[in-house]
Amino acid sequence: MNKAEPSLSEQQQIRREKLDQLKELDVNPYPHSFDVTHYSTQILDNEDEYVTKTPDDPSKTKRVSVAGRVMTRRIMGKASFFTIQDKEGVVQVYIRRDDIGTDLYNKVFKKLTDIGDFVGIKGFVFKTRTGETTIHAEEFQFLGKTVRPLPTPKEVENEDGEVVTYDAFSDKELRYRQRYVDLVVNPEVKETFVKRTRMVQAMREFMNERGYLEVETPILQPIYGGASARPFKTHHNALDIDLYLRIANELYLKRLIVGGFDGVYEFSKDFRNEGLSRFHNPEFTQVELYVAWKDYSWMMDFMEQMIEHVALTIHGSTKIKVGEHEIDFKAPWPRIPMYEAIEKETGHDLSDKSDEEILKIAKELHIDIEDGMGKGKMIDEIFGDYVEPKLIQPTFITDYPIEMSPLAKKHREKEGLVERFEAIFNGKEIANAFSELNDPVDQRERFEEQARLRADGDDEAMTVDEDFLRAIEYGMPPTAGIGIGIDRLAMIMTNSESIRDVLFFPQMKPEG
RNA sequence: GAAUCGGUAGCUCAGCUGGUAGAGCAGCGGCCUUUUAAGCCGCGGGUCGUGGGUGCGAGCCCCACCCGAUUCACCA
């Protein structure tokens with residue numbers, strides 16, 4: 001035994017001994033393959049098709065071959081019941097010494113097969129006295145020994161038909177760190193992640209149908225930009241340069257619009273060097289989409305249609321239960337200019353106020369004011385505290401102060417504002433979009449303003465990206481762009497309270 | 001970063017005003033050929049998060065630290 005290995009529990013030692021005993025019996029503990037013909041739910045959902053109609057002569061009925069993990073065992077001497085869990089669910093198996101042979105039954109099944117081990121069985125389907133659809137095993141094959149015991153939760157249906165779980169594997173830290181175990185023993189976890197994938201697929205299909213091109217852009221970037229955030233820094237040895245992990249892919253996708261694509265999108269992992277919370281993981285997924293010739297009003301139409309489509313695809317309904325609320329994604333959604341939304345909740349019309357007046361109002365509203373907070377930041381704070389949490393149903397908030405939006409085009413009518421919207425669901429920002437700024441002179445000025453903020457100590461402000469400026473100097477058509485937070489959308493679509501519940505492997509501190 | 005709560009057997013948890021660590025499941029040995037939280041008889045299993053301290057004596061009290069959960073603050 002490897003001395004570096006941590007000391008083994010009694011149960012781990014016993015399982016290793018069983019592994020040796022299997023080899024001594026010439027049973028391969030790790031065979032190479034097994035022919036699966038059916039999945040558990042396929043049999044259970046179509047029991048009329050599979051349950052034998054000739055119980056007195058099983059030779060005349062269908063055979064099924066199923067593989068998976070042993071999850072429970074009930075041994076009654078010369079016959080036993082156990083359950084197999086496969087990718088779709090759990091099915092019960094009935095196995096008898098006289099069907100599979102004394103040695104295989106007594107030595108291999110009874111003595112050396114543990115909960116968690118992989119087995120394959122072939123047999124026919126019947127109903128037990130208590131009415132459970134069960135596979136009567138005629139062949140049993142060992143498919144993989146596990147040397148570490150799984151947690152052993154029990155699910156029971158009580159008299160009211162509710163499923164009660166005993167001894168659940170519930171320690172959140174262990175569930176996140178050992179997601180593989182969480183997935184095995186907590187079936188709803190699998191469902192959440194399947195839904196997440198179907199959600200992404202539905203979005204991808206929706207965009208593909210409209211002719212937009214899925215692309216890939218650099219994650220390692222010499223100049224990061226496209227959002228206000230602190231980056232992760234890394235180093236390329238051969239070039240001997242520092243690189244940053246992208247915080248957004250906006251500036252690269254817009255370069256592709258310059259290059260002549262009409263619509264491009266990317267599902268992208270972005271990285272922000274910030275704290276963790278139930279809404280924040282240092283790496284997270286966005287989809288960003290840029291469409292030429294369009295503006296932010298068009299993008300609102302697009303988004304509400306796409307998300308309605310996603311809800312229908314996943315849930316078959318536009319209405320989704322999220323926590324205490326039922327959220328209805330049926331398009332169209334209300335579109336409320338930011339100043340109107342603030343005025344409605346606070347009574348203050350900020351639209352024609354000076355910086356000093358807004359500062360005074362912010363103080364009245366008990367907003368935490370920090371040094372160097374500009375007008376835009378204060379308005380954002382007021383909005384975040386007084387308006388955003390109240391927007392449970394899907395809502396577009398439109399027309400943001402120019403100070404907070406260095407990449408958005410100036411509003412066609414309203415002075416001091418840009419054509420930007422955020423989509424708010426369940427009191428949280430899910431998407432951010434604008435009519436993209438394509439005036440290179442204006443863009444340079446906005447970058448320079450960012451650079452000033454940066455020089456004044458705002459380490460989330462953007463840096464001047466000369467190559468991006470050069471690109472739009474060559475000319476970018478009118479363009480609408482959007483970024484949608486996939487993790488947060490997945491939280492809503494799966495009724496999850498924490499971003500960690502929709503990430504297979506959320507960021508954790510190192511163990512130990 | 002702050003506050004609150006928590007860390008005891010493989011899993012879920014008890015453990016009183018400090019008195020030498022318990023249950024169920026899981027495991028091991030036996031019985032049991034339609035069970036289903038299967039049942040019955042018997043048995044083993046712990047550096048009580050880590051390190052200090054105060055007690056004759058610490059899972060429990062004190063201090064420091066580690067890890068986590070939740071809430072709050074900043075970012076999507």
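Just so you know, these numbers use all the heavy atoms, side chains as well, and skip hydrogens, waters and symmetry mates. Letters go in sequence order (proteins before strands), and every chain restarts at 1.
At a threshold of 4.0 angstrom between heavy atoms, the contacts of A:Thr83 with the nucleic acid are absent. When heavy atoms are screened at a 4.0 angstrom cut-off, A:Ser80 is found touching no nucleic acid atom at all. Residue A:Asn273 is classed as having no contact, given no heavy-atom separation below 4.0 Å to the nucleic acid. Base contact: A:Asn281 has a heavy atom under 4.0 Å from a base atom. A:Ile75 comes within 4.0 angstrom of a nucleotide base, judged by non-hydrogen atoms across all strands. Counting non-hydrogen atoms under 4.0 angstrom, A:Glu381 reaches the backbone sugars and phosphates but no base.
As rounded to the nearest Å, B:rC62 and B:rA21 have C1' atoms that lie 23 Å from one another. Going from the C1' atom of B:rG46 to that of B:rG22 covers 11 Å, rounded to whole Å. The same atom, P, is picked in B:rC63 and in B:rG15; the two are 22 Å apart, to the nearest Å. Nucleotides B:rG6 and B:rC16 are separated by 13 Å at their P atoms, to the nearest Å. Nucleotides B:rU12 and B:rG29 place their C1' atoms 26 Å apart, quoted to the nearest Å. Using C1' as the reference atom, B:rC43 and B:rC60 are 30 Å apart when rounded to the nearest Å. Between the C1' atoms of B:rA37 and B:rC74, the separation comes to 47 Å (whole Å). Distance check on atom P: B:rA14 versus B:rG1 gives 30 Å, rounded to whole Å.
A:Met71 has its CE atom 12 Å from the P atom of B:rA38, to the nearest Å. One atom, CZ of A:Phe383, and another, P of B:rC74, lie 14 Å apart when rounded to the nearest Å. Whole-Å rounding puts the A:Arg175 CZ to B:rU12 C1' distance at 14 Å. Protein atom CD of A:Glu388 is 12 Å distant from nucleotide atom P of B:rA73, rounded to whole Å. At whole-Å resolution of the value, CZ in A:Phe279 and C1' in B:rA69 are 16 Å apart. Distance CZ (A:Arg148) to P (B:rC11): 10 Å, rounded to an integer number of Å. If you take NZ of A:Lys78 and C1' of B:rC32, they are 7 Å apart, rounded to a whole angstrom. Atoms CZ (A:Arg278) and C1' (B:rA73) sit 14 Å apart, rounded to a whole Å.
Ring centers of A:Tyr290 and A:Tyr265: at least 6.0 Å apart, outside the cut-off. Outside the 6.0 Å centre-distance limit, the rings of A:Tyr400 and A:Phe434 are not counted as a close aromatic pair. In summary, the aromatic rings of A:Phe82 and A:Phe109 are positioned with their centroids under 6.0 Å apart.
With sequence neighbours left out, A:Phe421 forms a ring-ring contact (aromatic ring centres under 6.0 Å, His included) with A:Phe396. In this structure A:Ser277 satisfies the side-chain hydrogen bond (donor to acceptor under 3.5 Å, both in side chains) test together with A:His280, sequence neighbours excluded. Evaluation of the salt bridge (Lys or Arg N to Asp or Glu O under 4.0 Å) rule for A:Glu139 yields no partner, not counting sequence neighbours. Residues that satisfy the ring-ring contact (aromatic ring centres under 6.0 Å, His included) test with A:Tyr94, not counting sequence neighbours, are A:Phe81, A:Phe126, A:His136. Every ring-ring contact (aromatic ring centres under 6.0 Å, His included) that A:Phe206 has, sequence neighbours left out, goes to A:Phe302, A:His309. When the salt bridge (Lys or Arg N to Asp or Glu O under 4.0 Å) test is applied to A:Glu266, the partners found at least two apart in sequence or on another chain are A:Arg246.
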B/S/- contact track for nucleotides 21-29 of chain B, protein heavy atom under 4.0 Å: ---BBBSSS
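With a cut-off of 3.5 Å on both pairing distances, the Watson-Crick or G-U wobble partner of B:rA69 is B:rU4. The pairing partner recorded for B:rC11 is B:rG24, the criterion being a Watson-Crick or G-U wobble arrangement whose two distances lie under 3.5 angstrom. Base pairing analysis places B:rG39 opposite B:rC31; the two distances defining the Watson-Crick or G-U wobble pair are each below 3.5 Å.
Sorted by first and then second residue, the side-chain hydrogen bond (donor to acceptor under 3.5 Å, both in side chains) pairs involving residues 382-396 of chain A (not counting sequence neighbours) are A:Glu345-A:Lys390.
Taking for each of A:Glu497 and A:Lys428 the nucleotide of RNA chain B with the nearest heavy atom, the 5'-most of the two is the partner of A:Glu497. Between A:Leu174 and A:Arg97, the residue anchored nearer the 5' end of RNA chain B, judged by the nucleotide with its closest heavy atom, is A:Leu174.
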List every contact pair, protein side and nucleotides 5-9 of chain B side both N or O, where the distance is under 3.5 Å.
none

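For A:Phe126, whose side chain is taken as the heavy atoms from C-beta onward, the closest listed nucleotide among B:rG68, B:rA69, B:rU34 is B:rU34. Here the side chain of A:Ser9 is nearest to one of B:rG10, B:rC32, B:rA69, namely B:rG10. Out of B:rC74, B:rU35, B:rG68, the shortest distance to the side chain of A:Glu460 is found at B:rC74. Side-chain proximity of A:Ser170 to the nucleotides B:rA69, B:rC74, B:rC13 is greatest for B:rC13.
With hydrogens and angles ignored, a donor-acceptor pair closer than 3.5 Å exists between the side chain of A:Thr128 and the base of B:rU35. For A:Gln92 against B:rU35, a side-chain-to-base donor-acceptor contact under 3.5 Å is present.
In the model, A:Gln21 has no side-chain atom that pairs as donor or acceptor with a side-chain atom of A:Arg16 under 3.5 Å.
Of the side-chain N and O atoms in A:Arg74, one or more sit less than 4.0 angstrom from OP1 or OP2 of B:rA38. Here A:Arg96 does not reach the OP1 or OP2 of B:rU34: none of its side-chain N or O atoms lies under 4.0 Å away.
Contact of the A:Leu276 side chain with the A:Met508 side chain is not registered, since no non-hydrogen atoms from C-beta on lie closer than 4.5 Å.
The cationic atom of A:Lys62 (NZ for Lys, CZ for Arg) lies less than 6.0 Å from the six-membered ring centre of A:Tyr50 and within 45° of the ring axis.
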